[in-house]
Visitor: 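This is the structure I want to talk about, given as structure tokens.
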Number of protein chains: 2
Amino acid sequence: MPTIQEVAKKAGVSVATVSRVLNDNGPVSSNTRKKVQAVIDELNYQPNLLGRNLRRSETRMILVLLQNISNPFYSKIVKGMEDTAHENGYNVLICNTNTDIDLESIYLDFLKNKLVDGVIFTCTAMVTAEFNKLAKNYPVVLCNEYNKDIKAPIVTIDNEIAGYEATSHLIKLGHKKIGMISVNNVGSSYDRMKGYMRAIEEAGLEVNDDYIVYHTFSYKGGMRGIKQLFELDDPPTAVFCISDLIAVGAIKELKSKGLRVPNDVAIVGFDNNSIAPMYDPSITTIAQPRYDIGKKTMEIMLQRIKGSGNNNYIVKLEHDLIIRESTLPSID
Amino acid sequence: MPTIQEVAKKAGVSVATVSRVLNDNGPVSSNTRKKVQAVIDELNYQPNLLGRNLRRSETRMILVLLQNISNPFYSKIVKGMEDTAHENGYNVLICNTNTDIDLESIYLDFLKNKLVDGVIFTCTAMVTAEFNKLAKNYPVVLCNEYNKDIKAPIVTIDNEIAGYEATSHLIKLGHKKIGMISVNNVGSSYDRMKGYMRAIEEAGLEVNDDYIVYHTFSYKGGMRGIKQLFELDDPPTAVFCISDLIAVGAIKELKSKGLRVPNDVAIVGFDNNSIAPMYDPSITTIAQPRYDIGKKTMEIMLQRIKGSGNNNYIVKLEHDLIIRESTLPSID
DNA sequence: CTGTTAGCGCATTCAC
DNA sequence: GTGAATGCGCTAACAG
């Protein structure tokens, strides 16, 4: 593990010169450059970034906080972030928070302790006031999650319109009794519900509060949601699920009740999760422009690190309704 | 962003004393300790880890290389790694390699450049010789993937026995024509195939080479595998798939051919992926002790960092056969 | 074009 | 029990 000193000595130059060829800045004669490079290659020298980072007071690392790496939804988002980061000489680190506030706080120390230059949140267990304080002092960007009080750059889609389109699709198929399986306390699902309600009202139908149920963001949440909806005297004939995972649970539960999808009940999911086209039936869903979301998020992050851009804006990207088997017009 | 200097000044002590209370080592009178701590709290001081890491020449960070974070199989493995790391004062960083050798090489530079203390591979695009050279010089552990020529600690299950049990399960159900959808060039799948062949031979049946097909480690690989197997004049009545994702593709393709699972064809997957219990039918599979695999891998990593343990051993943990709908005795 | 030097923030040895 | 001084490896100002 040679140091820059040893390289300099062996090449018969000063450390400054070695540093110059290493970083390819400052003037170096092509002759000494060649000489130094030869020694670098010979010794297989790799600069110790601990020294460089301390000196430069930056690491060119961006930390991305994920609630759970196994959520396939974030895969392409992260890819968009990575590509953009790499193009700009930055690297992406990923950490799992499991919605654990203590764990999240450890990773935030990476930021405060200068181990990373910025943090991208795809979820947070922090209260808004605390988050805003953090965002005021450090480069922080929110991706795909928000509430109205947050003061930090946010990249997302227009969830209200997406919810409107998903619901309108069901209405156009002739459904009049449309349920919704949602989750509590999440800004994006609140907006999706507003869109759901607007679509129903604009169609001249009535919003039935019993048709809106709240469960967890999971397969099991979907199963429980269907159970609750089908305990009603007059259950819905279509259900808009806040996520594809919930939709999968919903379909599985409907099947176990002997109901067919889409023949007896139509289902719409959300996210275009990788499971959506694979499931049986394949699931109609809202596709988010995940790669672009990641890309845009990273662009804003890099701007913030450079000090430009203000702290208080929201970017909304375009989504798509993808129609699959789970809402095909019934064959019967 | 105060430095240790400013804390020392404000507290009226030397930086050495501040450092002592920070790290809780070396003698400090309880009085000055209290005084210093008060200033630390007041200034909200957080040590700059760039300085500390350079000085200590360690970062207490372990990098975990994943081919793709969205593979839910690794979620619990990573959790096991994280818990073990945290218990020992280490943190886990995750990076996506996408099986891209250039990307992998960037992340390996983190190790060579002292940004992380060790790297855990769950996959690698490197050739064995290169890998072995790396493993000789740096703390490196392989998790769940291997080939016989690799000289580094490896944590995995006994894939030969697992393949044997999966196949034997199908034989016990009365199947005599058992296909296998595998992938090429992966040590674990090679071992699973050996187990598959041993089970068939021990049952007095014959291995039919046409029944073993190779495709990619994916949903589409499963669809193609079934297509190939069912072009045969005498197709199998049961198929052992090297992964649950392949099993999902296989089932989807069988259904589209009008064949029922398990009534017409029985399917066994591998990994107990989160999709396995959710799919319709739910999938019989081999469950790996994922959390323990992660835990053990990290334990070995920490040993290697401390310099103990040799470089050339393999740890095999216990697996389980989980029987679900996809191999239920046919109703017909 | 090249070398000398200072210092990033911290932990640690050695005096006292 | 405490402080002064050194240096981890590197970059960047400055001088030549």
Side-chain angles (χ1 to χ4, degrees), chain A residues 1-40 43-61 89 109-117 138, chain B residues 1-40 43-61 89 109-117 138:
Chain A
M1 234 70 49
T3 72
I4 197 172
Q5 306 279 354
E6 309 177 47
V7 175
K9 195 168 169 189
K10 186 142 191 171
V13 297
S14 72
V15 293
T17 301
V18 178
S19 176
R20 284 187 193 104
V21 341
L22 232 42
N23 297 291
D24 203 20
N25 65 350
V28 185
S29 81
S30 72
N31 229 343
T32 53
R33 178 182 303 278
K34 219 177 294 173
K35 195 171 53 181
V36 171
Q37 191 59 54
V39 176
I40 289 177
L43 263 45
N44 206 352
Y45 168 71
Q46 306 252 103
N48 180 328
L49 292 191
L50 261 26
R52 174 182 292 175
N53 290 344
L54 175 60
R55 178 59 226 240
R56 287 193 179 152
S57 194
E58 64 164 16
T59 59
R60 293 182 164 266
M61 295 278 181
D109 282 344
F110 288 3
L111 181 61
K112 298 175 182 164
N113 294 338
K114 314 286 290 173
L115 248 33
V116 300
D117 294 348
Y138 299 92
Chain B
M1 233 70 49
T3 71
I4 197 172
Q5 306 279 353
E6 308 177 48
V7 174
K9 197 169 168 188
K10 185 142 191 170
V13 299
S14 73
V15 294
T17 301
V18 178
S19 176
R20 284 186 193 107
V21 341
L22 232 43
N23 297 290
D24 204 21
N25 66 347
V28 185
S29 81
S30 72
N31 229 345
T32 52
R33 176 182 302 278
K34 219 177 291 171
K35 195 170 53 179
V36 170
Q37 191 58 54
V39 176
I40 289 176
L43 263 45
N44 207 353
Y45 167 70
Q46 306 251 104
N48 180 327
L49 292 191
L50 261 26
R52 174 180 293 175
N53 289 345
L54 174 60
R55 177 59 226 243
R56 288 192 177 153
S57 194
E58 65 164 14
T59 60
R60 294 181 162 266
M61 296 276 182
D109 282 344
F110 289 4
L111 180 61
K112 297 175 183 166
N113 293 337
K114 313 288 290 174
L115 250 32
V116 299
D117 294 348
Y138 299 93

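Numbered from 1 within each chain, the chains take letters A, B, ... in sequence-line order.
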Visitor: So, using side chain to side chain donor-acceptor pair (under 3.5 Å) as the criterion, who are the partners of B:Ser57 when residues are at least two apart?
Guide: none
Visitor: Distance check, rounded to the nearest 0.5 Å: A:Asn48 atom CG versus B:Lys112 atom NZ?
Guide: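 Answer for the CG-NZ pair, A:Asn48 versus B:Lys112, is 14.5 Å.
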Visitor: Which of residues 9-17 of chain B sit near DNA chain C, with a heavy atom under 4.0 Å from it?
Guide: B:Ala16
Visitor: For B:Val28 and B:Ser57, take the nucleotide of DNA chain D holding the closest heavy atom to each; which residue's nucleotide lies nearer the 5' end?
Guide: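 The 5'-side residue here is B:Val28.
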Visitor: Just checking B:Thr3: base, sugar-phosphate only, or nothing, at a heavy-atom cut-off of under 4.0 Å?
Guide: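 Contact class for B:Thr3: sugar-phosphate only.
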Visitor: The criterion is side chain to side chain donor-acceptor pair (under 3.5 Å); which residues satisfy it with A:Asp117, sequence neighbours excluded?
Guide: A:Thr59
Visitor: How long is the span from the CG atom in A:Leu54 to the CG atom in B:Leu49, to the nearest 0.5 Å?
Guide: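 Interatomic distance, A:Leu54 CG to B:Leu49 CG, rounded to 0.5 Å: 11.0 Å.
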Visitor: Please collect all side-chain hydrogen bond (donor to acceptor under 3.5 Å, both in side chains) contacts where either partner lies in residues 2-11 of chain A, sequence neighbours excluded, each pair once.
Guide: A:Lys10-A:Glu42
Visitor: Apply side chain to side chain donor-acceptor pair (under 3.5 Å) to A:Asn113 and list each qualifying residue two or more places apart in sequence or on a separate chain.
Guide: none
Visitor: With a 4.5 Å cut-off on side-chain heavy atoms, are A:Leu50 and B:Leu50 touching?
Guide: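 Sidechains of A:Leu50 and B:Leu50: no contact.
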Visitor: 5' to 3' on DNA chain D, which nucleotides open and close the contacts with chain A (atom under 4.0 Å from a heavy atom)?
Guide: D:dG9 to D:dA13
Visitor: Tell me which of B:Leu54 and B:Arg20 sits closer to the 5' end of DNA chain D, going by the nucleotide each one is nearest to.
Guide: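 Going by which nucleotide is closer to the 5' end, it is B:Arg20.
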Visitor: Using a 4.5 Å cut-off on heavy atoms from C-beta on, say whether the side chain of B:Ile40 contacts that of B:Val21.
Guide: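 Yes, close enough: below the 4.5 Å cut-off.
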Visitor: Would you classify B:Ser19 as touching base, sugar-phosphate or nothing, given that sugar-phosphate means primed atoms plus P, OP1 and OP2, and contacts are heavy atoms under 4.0 Å?
Guide: base
Visitor: Can you tell me how far apart CG (B:Asn53) and CG (A:Leu115) are? Round to the nearest 0.5 Å.
Guide: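 Here the rounded value is 6.0 Å.
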Visitor: Return the CZ to CE distance between B:Phe110 and A:Met61, rounded to the nearest 0.5 Å.
Guide: 3.5 Å
Visitor: Quick one: list whatever passes ring-ring contact (aromatic ring centres under 6.0 Å, His included) with A:Tyr45, sequence neighbours left out.
Guide: none
Visitor: Any pair with a residue in residues 45-58 of chain B that passes salt bridge (Lys or Arg N to Asp or Glu O under 4.0 Å), sequence neighbours left out, goes on the list, sorted by first then second residue, please.
Guide: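 Those involving residues 45-58 of chain B are B:Glu58-B:Arg60.
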Visitor: For residues 26-39 of chain B, which residue pairs pass the salt bridge (Lys or Arg N to Asp or Glu O under 4.0 Å) check, not counting sequence neighbours?
Guide: B:Asp24-B:Arg33
Visitor: With side chains defined as the heavy atoms from C-beta onward, is the minimum distance between A:Pro47 and A:Ile4 less than 4.5 Å?
Guide: no
Visitor: Any chance CG of B:Asn25 has more than 12 other-residue heavy atoms, nucleotides or ligands included, within less than 6.0 Å?
Guide: yes
Visitor: When all nucleic acid strands are considered with a 4.0 Å heavy-atom cut-off, which category describes A:Asn25: base, sugar-phosphate, or nothing?
Guide: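 Contact class for A:Asn25: sugar-phosphate only.
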Visitor: Using five pairs at either end of the helix from C:dC1-D:dG16 to C:dC16-D:dG1, determine the angle between the two local helix axes and round it to 10 degrees.
Guide: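 The value is 40°.
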Visitor: For DNA chain C, note the earliest and the latest nucleotide, 5' to 3', having some atom under 4.0 Å of a heavy atom belonging to chain A.
Guide: C:dC1 to C:dG9
Visitor: Residues of residues 46-53 of chain A with any non-hydrogen atom less than 4.0 angstrom from an atom of DNA chain D: list those, numerically ordered, please.
Guide: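 Those residues are A:Pro47, A:Asn48, A:Gly51, A:Arg52.
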